[in-house]
Amino acid sequence: MNLTKERIITLLVVIANGILGATIGKFSDSRLWEATFAVLMSLPGMLVIWNKEALSVTGLTRGL
C-alpha cells in the first residue's frame with residue numbers, strides 16, 4: 001500500500017475532523033464521543049478514496 005498524495009490528504013482530513021469535533025462539538029458532554037463521532041463520519045469518504053482501485057474494478061468508476 002503506497003501512501004499517495006490523496007491518501008495523505010484524506011488521513012489529515014480525518015484527523016482534523018476528530019480534533020475539530022473534540023474542540024467545537026456541542027451535542028454531548030463528552031469530548032471523546034464528539035471526536036469519535038466526527039472520525040466515524042469521515043471514514044466512508046476515506047475508504048472510498050483509499051480503495052478506489054478496487055472499486056473501479058467493480059464498475060463504480062463514476063466520480064472516482
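Linking Ile, Leu, Val, Met, Phe, Trp and Tyr residues whenever their side-chain heavy atoms come within less than 4.5 Å places I8 and V39 in a single cluster. One hydrophobic cluster holds both L43 and L3 under the rule that ILVMFWY side chains link at heavy-atom gaps under 4.5 Å. M41 and L20 are not part of a single hydrophobic cluster, where members link through side-chain heavy atoms under 4.5 Å apart. Criterion: ILVMFWY side-chain heavy atoms under 4.5 Å apart, direct or through other members. Under it, V13 and W50 are not part of a common hydrophobic cluster. Linking ILVMFWY side-chain heavy atoms closer than 4.5 Å, directly or via other members, places I19 and L11 in a single hydrophobic cluster.
For the atom pair OG1 of T10 and CG of N17, the computed distance is 11.0 Å after rounding to the nearest 0.5 Å. Annotation: the span from T23 atom OG1 to R31 atom CZ amounts to 7.0 Å, rounded to 0.5 Å.
Smallest separation of non-hydrogen atoms from A22 and A35: CB-CB, 3.8 Å.
The side-chain heavy atoms of M46 and I49, taken from C-beta on, include no pair separated by under 4.5 Å.
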